[in-house]
2 protein chains.
Amino acid sequence: MKTAVESLRDLGLTEYEAKVYSALVRIGSGTASDIHLVSGIPRSAVYGALHRLEERGTIEVQSSKPMRYRAVPPEIALGKLKDNFMAESENALVALGEIYQTQKIGVREEAIWTISGIKNVSDKIIEMIMSAQNDIIFAASYPSFHEIAKTYPIFKNIKDVLADKIEEGVTVRVTGLRSEGLYGIAKDIPGAIIRAFPADKATAGGGILIVDGKGVLIAIMSENADTGMYDLMAIYTEGVGAASIFKHFVETEWDASVAI
Amino acid sequence: MKTAVESLRDLGLTEYEAKVYSALVRIGSGTASDIHLVSGIPRSAVYGALHRLEERGTIEVQSSKPMRYRAVPPEIALGKLKDNFMAESENALVALGEIYQTQKIGVREEAIWTISGIKNVSDKIIEMIMSAQNDIIFAASYPSFHEIAKTYPIFKNIKDVLADKIEEGVTVRVTGLRSEGLYGIAKDIPGAIIRAFPADKATAGGGILIVDGKGVLIAIMSENADTGMYDLMAIYTEGVGAASIFKHFVETEWDASVAI
DNA sequence: ACGTTGTTTTTATAATACTGACAAAAGCGA
DNA sequence: TCGCTTTTGTCAGTATTATAAAAACAACGT
C-alpha cells in the first residue's frame with residue numbers, strides 16, 4: 001500500500017505539502033518548528049507549504065506568536081480536495097463543450113492577531129488606548145475579570161492612561177456589570193461615561209476594547225485546568241471591518257444599560 | 001471560467017496531455033499530425049502525450065497505417081480520472097487514519113483559529129452548524145454580507161443545514177437587520193426564531209455564529225482595494241470562555257431586537 | 001549574547017516543454 | 001520500376017519551469 005505522502009502527492013499536493021499535512025495529522029497541532037522536526041523537511045520550507053495548505057483549507061492557523069497550526073481532520077481535508085477535483089471536473093466538462101471566459105479573483109485579508117499572557121494583553125490594551133484620537137469604548141467588567149485585577153495591577157495602569165486620554169478630549173465610555181469594581185472605575189476616572197447592566201447578564205471573563213472605531217481588542221479569560229490559575233488571552237485587529245461589527249454589538253449593549 | 005486545458009491540467013494532466021485530449025475532442029478523430037496542427041504543440045511531443053493518455057484510457061487508438069486517434073467522450077474520460085482520484089483518496093484516508101491522533105479533550109486551551117477565503121469560511125460555518133446539539137445563534141445579516149450571498153450560494157447551503165437542525169430539535173435563532181434577506185431567511189427556514197433590528201444600527205460586513213454556547217465563529221468581510229472583490233475571513237474558537245462573552249453581547253442584541 | 005521565528009534569496013535537481021535529426025515507410029510523377 | 005518528396009514515428013538533446021534543499025537574514029524575546 002502506498003504511504004499517506006505518496007497518495008497525497010498523487011492527489012495533487014507537492015512533496016512538502018504532503019509531508020507537512022501528514023506531520024500535522026500525526027502531532028495534532030504544532031508550530032512550524034515542530035513540523036520541521038516531525039516531517040524532516042527544511043524548516044524554512046515549512047512556511048511556504050503551510051501557506052498553500054491553508055489556502056486549500058486543509059489546515060487551520062492560529063495567529064499567535066509563534067504561530068500554531070493544526071490539521072483539518074483527514075475526512076474533511078480529503079473531502080475538500082475531492083470537492084475541488086469535482087468542481088474542476090465539472091468545469092472541464094463545460095469548457096470542453098466550448099465557450100471560454102476569464103475571471104479574476106481578488107483576495108486578502110484583515111489581519112487578526114492574538115496575544116496571550118496577562119502582561120502582554122494589558123500592555124497591548126494600554127498601547128491601544130494611548131493611540132486613541134477620538135473615542136474609546138471599554139467593556140471589561142465581567143466577573144472573573146476582576147479576579148485578575150485583584151492580583152495584577154493592570155487596571156491601575158489602564159485607569160491612568162484612560163484618565164490621560166479624557167484630559168486630551170477623547171470620549172471614554174466604560175460599561176460593565178453593576179459591581180464594586182465599576183464604581184471604583186467611576187471614582188478613579190472622572191470624566192468617563194460609565195454605564196452598568198444587571199449582574200445576571202454576565203457570563204464569563206473577558207472584555208472588549210474599541211478604539212476610534214477601527215481597532216478592536218477582545219480579551220478572554222481562561223482558567224488553567226491543572227493549576228487553577230487564571231490566564232488572559234486576547235485577539236485584536238486594526239481593520240475597520242472587524243471593528244465596526246464589534247462596535248455594533250457593544251453599542252447595543254450600551255443602549256441596554258443604565259447610567260450610574 | 002477556466003479553459004478546458006487549464007482544468008484538465010488541474011486534474012493532473014500535463015500541458016501536452018491536456019492539449020492533445022482537448023484537440024481530439026475538437027476534431028473528433030485524427031492523426032498525430034492533425035493533433036499537432038490543431039493543438040499547436042510540437043509534432044514529436046504528440047506521440048508521448050498520446051501514449052500516456054492511452055494508458056489512462058481517455059483516448060482510443062486505431063492501428064492503421066498512419067495511426068488514428070480519437071477521444072473517449074468527456075463524461076467517460078473525466079469519470080475515469082475521477083475513479084482514479086477517488087481510489088487514491090481512499091488510500092490516503094486509510095494511510096492517514098493509521099497515524100491520526102485523536103485530540104485529547106478537556107484540557108483544551110482557548111485557542112483561536114483563523115480561516116480565510118469564502119469557500120473555507122462557509123465550509124466551517126456549515127461544519128459548526130452540523131455539530132450543534134442544542135442551540136444555534138446566527139447573526140449574519142449585515143448589509144454587504146449579502147453581496148457575497150449573491151455571488152456565492154453559501155446561504156443556500158447554510159439555510160438547508162439550519163432547516164435540518166430544526167427538525168432535529170435544535171433551537172435556531174437568527175438575527176439581523178430588517179431587510180429582504182432576513183425575510184427570505186424567515187421564509188426559507190420555518191421553525192427558526194427570527195428577530196430584526198433597525199437598519200441604522202448596522203455597520204459593516206460580517207456576522208457571528210454561536211453553537212451550543214461553546215463554539216463561536218466571527219466572519220468578517222473585506223473588500224479588496226484593487227479589484228473591488230469581496231473576501232471573507234473568519235476567526236473561531238471552541239472554548240467556553242470566548243463563547244460566553246460573545247454570547248452575552250449577541251443575546252443583549254437579541255433582547256433589543258424585535259420579532260418578525 | 002543567544003536561540004527562535006518567519007522571510008527571503010540562492011542553488012540544486014527533477015519534471016516537463018520544446019527542438020531538431022533521423023530512418024522507415026508511403027505517396028507520386030515519371 | 002525508379003528517383004524524389006512527404007509523412008510517420010522514434011530519439012537524443014536542450015530549454016524552461018516547478019519544486020526541493022540550503023543558507024542568510026532581520027525581528028524578537030530570553
Side-chain angles (χ1 to χ4, degrees), chain A residues 3 5-6 8-24 27 29-56 59 61-70 108-109 111-124 127 233, chain B residues 3 5-6 8-24 27 29-56 59 61-70 114 116:
Chain A
T3 67
V5 170
E6 286 167 347
L8 289 173
R9 288 217 60 167
D10 288 340
L11 293 177
L13 304 199
T14 67
E15 181 90 15
Y16 283 170
E17 289 165 1
K19 283 186 175 171
V20 165
Y21 179 76
S22 200
L24 272 177
I27 64 178
S29 84
T31 66
S33 290
D34 297 335
I35 295 166
H36 154 63
L37 291 173
V38 172
S39 67
I41 70 177
R43 189 181 59 85
S44 60
V46 171
Y47 295 98
L50 283 169
H51 285 141
R52 296 191 296 271
L53 286 172
E54 203 244 328
E55 281 175 11
R56 288 177 184 271
I59 63 166
V61 185
Q62 183 183 351
S63 297
S64 55
K65 174 194 267 193
M67 287 164 80
R68 293 186 67 83
Y69 304 84
R70 72 170 173 184
R108 273 330 113 177
E109 63 218 41
I112 294 180
W113 305 94
T114 71
I115 314 169
S116 62
I118 293 172
K119 176 90 169 45
N120 296 331
V121 170
S122 57
D123 280 354
K124 186 66 192 183
E127 179 194 325
M233 75 166 301
Chain B
T3 67
V5 170
E6 285 166 345
L8 289 173
R9 286 215 62 164
D10 288 341
L11 294 176
L13 305 199
T14 69
E15 181 93 16
Y16 284 168
E17 289 165 1
K19 282 183 175 173
V20 165
Y21 180 77
S22 197
L24 272 177
I27 64 179
S29 82
T31 66
S33 289
D34 297 333
I35 295 166
H36 155 63
L37 291 173
V38 172
S39 66
I41 71 176
R43 188 181 59 82
S44 60
V46 172
Y47 296 96
L50 283 168
H51 287 324
R52 295 191 297 269
L53 285 173
E54 205 240 324
E55 282 176 13
R56 288 179 184 270
I59 63 165
V61 184
Q62 182 184 346
S63 296
S64 53
K65 275 310 182 172
M67 305 221 325
R68 293 187 69 81
Y69 305 84
R70 73 170 174 186
T114 67
S116 61

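Chain A is the first sequence line, chain B the second, and so forth, proteins listed ahead of strands; every chain is numbered from 1.
Taking the nucleotide of DNA chain D with the nearest heavy atom to each of Thr31(B) and Ser44(B), the more 5' of the two is matched to Thr31(B). Residue whose closest nucleotide on DNA chain C sits further toward the 5' end, between Arg43(B) and Arg52(B): Arg52(B).
Side-chain N/O atoms of Ser33(A) include one lying less than 4.0 angstrom from OP1 or OP2 on dT5(C). Phosphate contact (OP1/OP2 of dA20(D), side-chain N/O of Thr14(A), threshold under 4.0 Å): present. In terms of phosphate contacts, Tyr47(B) brings a side-chain nitrogen or oxygen within less than 4.0 Å of OP1 or OP2 of dG9(D). OP1 or OP2 of dC18(C) has at least one side-chain nitrogen or oxygen of Tyr16(B) nearer than 4.0 Å.
Following rounding to the nearest Å, Glu15(A) (CD) and dA22(D) (P) show an atom-to-atom distance of 13 Å.
No donor-acceptor distance shorter than 3.5 angstrom exists from the side chain of His36(B) to the backbone of Val46(B), with no hydrogens or angles considered. Side-chain atoms of Glu17(A) come within 3.5 Å of backbone atoms of Thr14(A) as a donor-acceptor pair (strictly under, hydrogens ignored).
Evaluation of the side-chain contact (heavy atoms from CB on, under 4.5 Å) rule for Thr31(A) yields Ser33(A), Asp34(A), Pro66(A), Arg68(A) as partners, not counting sequence neighbours.
As judged by a 4.0 angstrom heavy-atom cut-off over every strand, His51(A) is placed among residues touching the sugar-phosphate backbone only. As judged by a 4.0 angstrom heavy-atom cut-off over every strand, Pro42(B) is placed among the base-contacting residues.
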